[in-house]
2 protein chains.
Amino acid sequence: MLLREGDICRGYTFVVSGCFRMYAVDEKGKEHNISFAAENEWIADIGSFYSEKPSTLNIKALESSSVIQIEQKDLYHLYENITKLNRVFKVMVENKYVELQRHLVQNFSSTAQTRYLSFLEQYPKIKDRLSNAQIASYLGITPEFLSKVRKDIMLEETGKA
Amino acid sequence: MLLREGDICRGYTFVVSGCFRMYAVDEKGKEHNISFAAENEWIADIGSFYSEKPSTLNIKALESSSVIQIEQKDLYHLYENITKLNRVFKVMVENKYVELQRHLVQNFSSTAQTRYLSFLEQYPKIKDRLSNAQIASYLGITPEFLSKVRKDIMLEETGKA
DNA sequence: TACGACCCTTAAACTATCTTAAGAAATCAG
DNA sequence: CTGATTTCTTAAGATAGTTTAAGGGTCGTA
């Protein structure tokens with residue numbers, strides 16, 4: 001468990017090996033995955049990190065993982081000394097922002113099947129390592145319905161071929 | 001029309017009077033509202049602004065409005081001279097980020113009725129100025145269904161009272 | 001080898017939301 | 001004030017997704 005709801009996100013985490021998910025818990029106690037991070041990716045609650053306010057999200061390992069954490073003060077220190085690094089993180093934040101917007105729009109513009117297909121494209125590395133429940137939570141559907149979606153896709157493919 | 005999909009968002013807009021919406025257009029041509037801005041609020045595609053990459057969003061007036069636009073170079077110039085301003089914009093970006101996350105989670109954790117009720121709380125100023133179609137687009141439902149949601153809420157209230 | 005735990009799939013019944021179509025209400029131009 | 005245009009509501013039928021429950025596969029453990 002890297003981050004718990006209510007705590008302030010005090011560092012960026014670089015995933016060396018393994019896999020993490022960032023998720024929110026709603027009023028009914030259900031968990032909703034917002035994003036994943038596997039090898040060579042960064043993860044953090046950017047909102048909490050930069051505002052230094054308590055996070056509403058959780059970050060948790062899905063496999064036994066090893067990570068490198070960079071803390072706020074060290075990062076800011078590096079920012080000052082390495083101008084390029086500043087830009088790297090800036091671009092990363094921008095990308096996460098745009099990704100979040102895309103996720104939102106896609107979530108109310110397309111059907112679960114379409115969302116699943118674009119999930120497969122977007123996360124080719126981890127799609128086979130995640131349980132059905134994790135993927136379904138990211139897509140905003142139940143694991144049972146994900147099963148059906150997969151079946152329908154298979155039927156369509158074999159039907160066409 | 002303040003920003004058109006494909007253009008780079010080159011400035012922040014401060015709404016003096018009137019009202020704007022920021023929206024995305026999906027593959028089927030449907031429009032999905034992401035956020036609104038009325039008097040004394042700022043609006044911009046933050047992703048495009050800071051990355052200087054083409055926007056995937058549009059910003060359009062809902063009423064005849066008057067605005068003040070601050071351009072990139074002027075803003076960066078002000079950043080250097082007024083340290084406090086830097087912080088003001090930083091906080092604004094953080095808040096928008098968190099709002100976007102909340103919108104996403106809420107969208108797949110709660111029913112249309114719940115979402116509508118929290119929309120009313122969140123946008124008390126503009127809730128009466130927006131057409132049904134605009135509100136429905138923000139909630140991710142059809143205007144017809146919004147009608148029904150409203151009716152159901154009324155029925156529940158009178159039923160209880 | 002067998003057993004239990006866990007996850008994935010299937011199916012049936014149910015619910016939320018969409019689509020279509022029509023009528024009622026509000027807005028606007030002449 | 002009247003007709004035209006747009007927006008809002010209502011209702012019926014269709015679809016997407018959920019819930020519940022049951023059965024099958026896989027894997028670790030005794």
Side-chain angles (χ1 to χ4, degrees), chain A residues 19 21 23 25-33 36 60-64 103-120 126-159, chain B residues 19 21 23 25-33 36 60-64 103-120 126-159:
Chain A
C19 186
R21 70 192 178 107
Y23 62 95
V25 181
D26 69 22
E27 324 83 49
K28 291 165 217 140
K30 267 196 188 170
E31 302 183 350
H32 302 277
N33 288 338
F36 300 107
K60 202 171 178 180
L62 289 164
E63 311 169 358
S64 64
H103 195 169
L104 178 66
V105 170
Q106 190 160 311
N107 239 61
F108 46 45
S109 75
S110 44
T111 180
Q113 177 168 333
T114 313
R115 273 180 280 151
Y116 176 62
L117 290 172
S118 58
F119 163 80
L120 292 182
I126 56 171
K127 67 180 207 295
D128 300 316
R129 289 156 60 183
L130 298 177
S131 75
N132 259 8
Q134 296 307 330
I135 297 176
S137 165
Y138 177 83
L139 297 174
I141 60 176
T142 58
E144 293 86 353
F145 192 58
L146 175 54
S147 253
K148 182 172 163 31
V149 165
R150 276 182 171 152
K151 192 182 158 197
D152 291 347
I153 291 172
M154 288 236 326
L155 287 177
E156 281 176 28
E157 279 175 358
T158 56
Chain B
C19 186
R21 69 192 178 107
Y23 62 95
V25 182
D26 69 23
E27 324 81 50
K28 292 164 216 141
K30 268 197 186 168
E31 301 182 352
H32 302 277
N33 288 338
F36 300 106
K60 201 171 177 179
L62 288 164
E63 312 168 357
S64 64
H103 194 170
L104 176 67
V105 171
Q106 191 160 313
N107 239 62
F108 48 44
S109 76
S110 44
T111 179
Q113 176 168 332
T114 312
R115 274 178 279 152
Y116 176 60
L117 290 173
S118 59
F119 163 80
L120 292 182
I126 56 170
K127 67 184 207 296
D128 299 315
R129 289 156 62 183
L130 298 177
S131 76
N132 259 7
Q134 295 307 331
I135 297 176
S137 164
Y138 178 82
L139 297 175
I141 60 176
T142 58
E144 294 85 352
F145 192 58
L146 176 54
S147 254
K148 180 171 166 29
V149 166
R150 275 183 171 149
K151 192 183 157 198
D152 291 347
I153 291 172
M154 289 237 326
L155 288 177
E156 280 177 28
E157 279 174 358
T158 57

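Just so we're on the same page: letters track the sequence lines, and every chain starts at 1.
In this structure, Asp128(A) atom CG and dC7(C) atom P are separated by 17 Å, rounded to whole Å. Tyr116(A) places its OH atom 18 Å from the P atom of dA16(D), with the value rounded to the nearest Å. Here the P atom of nucleotide dC8(C) and the NZ atom of Lys127(A) are 16 Å apart, to the nearest Å. The nearest whole Å value for the distance from the CG atom in Asn132(B) to the C1' atom in dA24(C) is 14 Å. In this structure, Arg150(A) places its CZ atom 14 Å from P of dC7(C), rounding to the nearest Å. Distance, Ile135(B) CD1 to dT9(D) C1': 15 Å, rounded to whole Å. Here the P atom of nucleotide dA16(D) and the CG atom of Asp152(A) are 9 Å apart, to the nearest Å.
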Under-3.5 Å N/O pairs linking protein and nucleotides 16-23 of chain C:
unit_1	atom_1	unit_2	atom_2	d
dT17(C)	OP1	Ala112(B)	N	3.1
dT17(C)	OP2	Thr111(B)	OG1	3.2
dC18(C)	OP2	Thr142(B)	N	3.2
dC18(C)	OP2	Thr142(B)	OG1	3.4

For a side chain to side chain contact (heavy atoms under 4.5 Å, CB included) check, start with the C-alpha distance between Ser109(B) and Glu27(A), then their side-chain angles and the critical distance, and finish with the verdict. CA-CA 8 Å; Ser109(B) 76; Glu27(A) 324 83 49; 4.0 Å; yes

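Of the possible donor and acceptor atoms, none in the side chain of Thr111(A) sits under 3.5 Å from a partner among the backbone N and O of Thr114(A).
The CG atom of Leu139(A) sits 10.0 Å away from the CG atom of Asn132(A) when rounded to the nearest 0.5 Å. Between the CG atom of Leu62(B) and the CZ atom of Arg21(B) there is a distance of 6.0 Å, given to the nearest 0.5 Å.
Using the six-membered ring where Trp is involved, Phe36(B) and Phe119(B) have ring planes that are perpendicular, over 60° apart on the 30 and 60° scheme.
Screening residues 133-151 of chain A for salt bridge (Lys or Arg N to Asp or Glu O under 4.0 Å) gives Lys148(A)-Asp152(A) as the qualifying pairs, with residues at least two apart or on separate chains.
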